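Input: a single structure, listed below in structure tokens.
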Amino acid sequence: MGQHRFDSSRRELLQWGAAGLAGAALPVAGLAQATRETPRRGGTLTYLVFPEPPVLTTIAHSAGASVLVSGKVVEGLLTYDFQLNPQPQLAIAWTISPDGLTYTFKLRQGVRWHDGKPFTSADVAHSIQLLKEFHPRGRATFSRVAEIRTPDAHTVVLRLSQPVPYLITALAASESPIVPRHLYGDGKADTNPYNNKPVGTGPFIFKEWVRGSHVLYERNPHYWDGDKPYIDRLIARFIPDAAARVAAIENGEVLLAPASPVPLSEVERLKARPNLVFETRGYEYINNVYRIEFNLENPVLQDLRVRQAIAHAVDRAHMLKVAWYGQGQVIPGPVHPSLSRFYEPDLPVLPFDLKAAARLLDEAGLPLGKAGPNKRLVLQATPIPNEFGQRIADYLKQALGRIGIELRITSQDFASYVRRIYTQRDFDLHVSVMSNTFDPTVGIQRLYWSKNFKRGLPFSNGSGYQNPEVDRLLEAASAEPDPAKRRALIVEFQRHIARDLPDITLLAQQNFTVADRRVRNHTVGADGTAGNLADVWLAADA
């Protein structure tokens, strides 16, 4: 499917969706890990998840660990191929009106919740209302949904107040799960007990959550998709210690380990093991970009010359090689390459140039010796508390030291880190990782939009950046239905960021999944192992 199927050709969308009516199952031929072998039934798949998820569904939460487990039980209207083109899940056909204001979904018939109740359009309507009120991103995604109609048990019509060009991409199980109305009828999605003992329509039925150890799921014998799932049991294991994760992967204690689960220093050694396979696809739906975010409340950092000097002092290619063992990609701006519709490689990036950095600092009134012997300036850096963030901070300390900037690194647990950045505002440089998600309006706008600068609001505009033209571009892109015009707006936005430098984009993370060779079909679309794993099966032991 091409990009035009999302926006310009409503007839083609309907025809594609209608074709889905005739198909019994989502095709996987040609996708990553798909094989032509006959699936083997039975067995238990042990699946690594870290850290332990705070909840087991994502109706009111977007924690990464919860994303990895939610879609096994509760499903979405759609799923997506590696180019983020929609594929059927609970919806089998869909149309978008030419003005982009009406979305009509035909739902799959004969589907039942795990407690035996029938799945209907009322469940979808209620779930969208819950997402609109409670989900961290859904509040924005569905904010323009003015009316939800259910003309029959298997039809849902969304009427929007303004176009939402990314809405058709936001309907995966991990992002916008559909939950049973009869269990969420009180409307309190954030405190509902079924968030931790989920009932869904998916291929696996929740059985138990042993805190600190695992979650156990069993095969749904009445799943709507033919004879799937193929495995009998799925166990999500929680292993917080990195060395223990490596050992569990090597000895087969866990067979599937997503989200770059091992230290970078171990990657090449593990790749050489004949029993393991590394997969880099399946992260198109959620994709990470590392950057240096400046606190623009600091008067020194308000001077563009100082920010430019820091940018000139950072050799990003060297950082990738030395600090990250080559596991990533240097990119010029805030859009991850996996969002190929919006990625722009030709941006005005400042080159590595220590002489230019020194000259700019001199011009900014920060000569050597101003802050002590051979020092121009002292800054505080706060990295996200993970291996990647710490390695970047260590590199920056050395790199900025070469131009007379002393970098003092603060380290803390995750909760304290979030509080320091977004509530206390106690930092100068923030080594940040942010997901672009499946669309720039959802994943990127929040980081640069002046209206999203709020003390205490996590994962938002942490720099305090304000540019009325950038606001205009972002707001226009959020409602522009024409794909070419929308790309032009987002590219122009990226050029402003490259010039204004509220942050410095460093690297696009290359996430990977490690799997035992016996595990087949674990990654068949853009959400990878965060998908429902209905296609997974286990080959016989070698």
Side-chain angles (χ1 to χ4, degrees), residues 32-33 44-76 79-80 89 135-137 172-177 179 195-198 200 202-217 229 231 233-240 242 244-245 248-249 253-262 278-288 338 386 388 414 433 435 437-438 443 459 509-516 519 521-536:
Q33 292 293 324
T44 298
L45 176 65
T46 306
Y47 175 54
L48 176 66
V49 175
F50 76 98
E52 184 167 1
V55 296
L56 300 185
T57 66
T58 54
I59 187 66
H61 218 292
S62 59
S66 298
V67 165
L68 286 174
V69 298
S70 180
K72 313 302 180 285
V73 174
V74 292
E75 298 185 291
T79 186
Y80 301 90
Q89 197 163 81
H135 192 274
R137 290 188 290 262
S174 59
E175 182 71 11
S176 301
V179 296
N195 291 342
N196 293 331
K197 50 178 183 179
F204 296 100
I205 298 172
F206 168 79
K207 288 299 179 181
E208 67 173 8
W209 182 2
V210 178
R211 304 280 178 151
S213 175
H214 68 273
V215 177
L216 171 64
Y217 304 95
I231 59 174
R233 284 170 300 280
L234 176 66
I235 300 175
R237 280 283 313 278
F238 315 132
I239 305 178
R245 290 197 297 272
I249 291 168
E253 184 181 340
V254 296
L255 298 180
L256 187 62
S260 304
V262 299
F278 278 67
E279 174 60 73
T280 58
R281 287 190 285 183
Y283 296 96
E284 293 80 4
Y285 203 74
I286 299 291
N287 40 65
N288 292 334
S338 66
N386 65 20
F388 301 94
F414 191 81
V433 58
S435 172
T437 70
F438 47 85
F459 315 119
Q509 184 175 2
Q510 184 182 61
N511 270 311
F512 56 85
T513 299
V514 187
D516 187 283
V519 183
N521 289 7
H522 60 73
T523 297
V524 297
D527 55 357
T529 56
N532 64 16
L533 296 185
D535 293 285
V536 167

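What you are looking at is a predicted structure, and each value in this text was computed from that prediction instead of being measured.
Using a 30° and 60° split on the angle between ring planes, Phe278 and Phe512 fall in the tilted class, from 30° to 60°.
Side chain of Arg245 to main chain of Ile239: a donor-acceptor pair is present (N/O by atom type, distance under 3.5 Å, no hydrogens or angles). Checking side-chain atoms of Gln89 against main-chain N and O of Gly76 turns up a donor-acceptor pair under 3.5 Å. Ser66 places no side-chain N or O within donor-acceptor distance of the main-chain N or O of Thr58, the cut-off being under 3.5 Å.
A pairwise comparison of heavy atoms in Ala63 and His61 identifies N-ND1, 3.2 Å as the closest pair. Nearest approach of Phe238 to Gly212, heavy atoms of both residues: CD1-C, 4.2 Å. Pro54 approaches Asn196 most closely through the heavy-atom pair O-OD1, 4.0 Å. Minimum interatomic distance between Val69 and Val55 (heavy atoms only, all atoms of both residues): CG2-O, 4.5 Å. Scanning both residues, Asn521 and Val524, for their nearest heavy atoms gives O-CG1, 3.8 Å. Scanning all heavy atoms of the two residues, the minimum distance from Val74 to Gly200 falls at CG1-CA, 3.9 Å.
Side-chain contact between Pro261 and Val514 is present, with heavy atoms from C-beta onward closer than 4.5 Å. Here the side chains of Val433 and Phe388 are not in contact, with every heavy-atom distance at 4.5 Å or above. Between Tyr47 and Pro258 there is a side-chain heavy-atom pair separated by less than 4.5 Å. Looking at Val215 and Ile235, their side chains never come closer than 4.5 Å, going by heavy atoms from C-beta outward.
Checked against side-chain contact (heavy atoms from CB on, under 4.5 Å), Ser62 has the following partners two or more places apart in sequence or in another chain: His135, Pro136, Arg137. Checked against ring-ring contact (aromatic ring centres under 6.0 Å, His included), Phe50 has no partners two or more places apart in sequence or in another chain.
Of the listed residues (Asn288, Thr513, Thr523), just one forms a side chain to side chain donor-acceptor pair (under 3.5 Å) with Tyr283, and that residue is Thr513. For the side chain to side chain donor-acceptor pair (under 3.5 Å) test with His214, the passing option among Arg237, Glu52, Glu208 is Glu208; the others fail.
In this structure, NE2 on His522 lies 11.0 Å from CG on Leu255, to the nearest 0.5 angstrom. Note that the CG atom of Leu256 and the CG atom of Asp516 stand 9.5 Å from one another [nearest 0.5 Å]. Taking CG of Asn287 as the start and CD of Gln509 as the end, the distance is 10.0 Å to the nearest 0.5 Å. Going from atom CD of Glu75 over to atom CG of Asn532 covers 5.5 Å, rounded to the nearest 0.5 Å. Put simply, NZ on Lys72 and CG on Leu56 are 11.5 Å apart, with the number rounded to the nearest 0.5 Å. In this structure, the separation between CZ on Phe414 and CG on Asn386 is 9.0 Å, given to the nearest 0.5 Å.
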*So Thr57 and Val179, side-chain contact (heavy atoms from CB on, under 4.5 Å) or not? Walk me through it.*
CA-CA 9 Å; Thr57 66; Val179 296; 5.5 Å; no
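Ring to ring, Phe438 and Tyr80 are not that close: their centroids are 6.0 angstrom or more apart.
Side chains of Ser174 and Asp527: no donor on one and acceptor on the other come within 3.5 Å.
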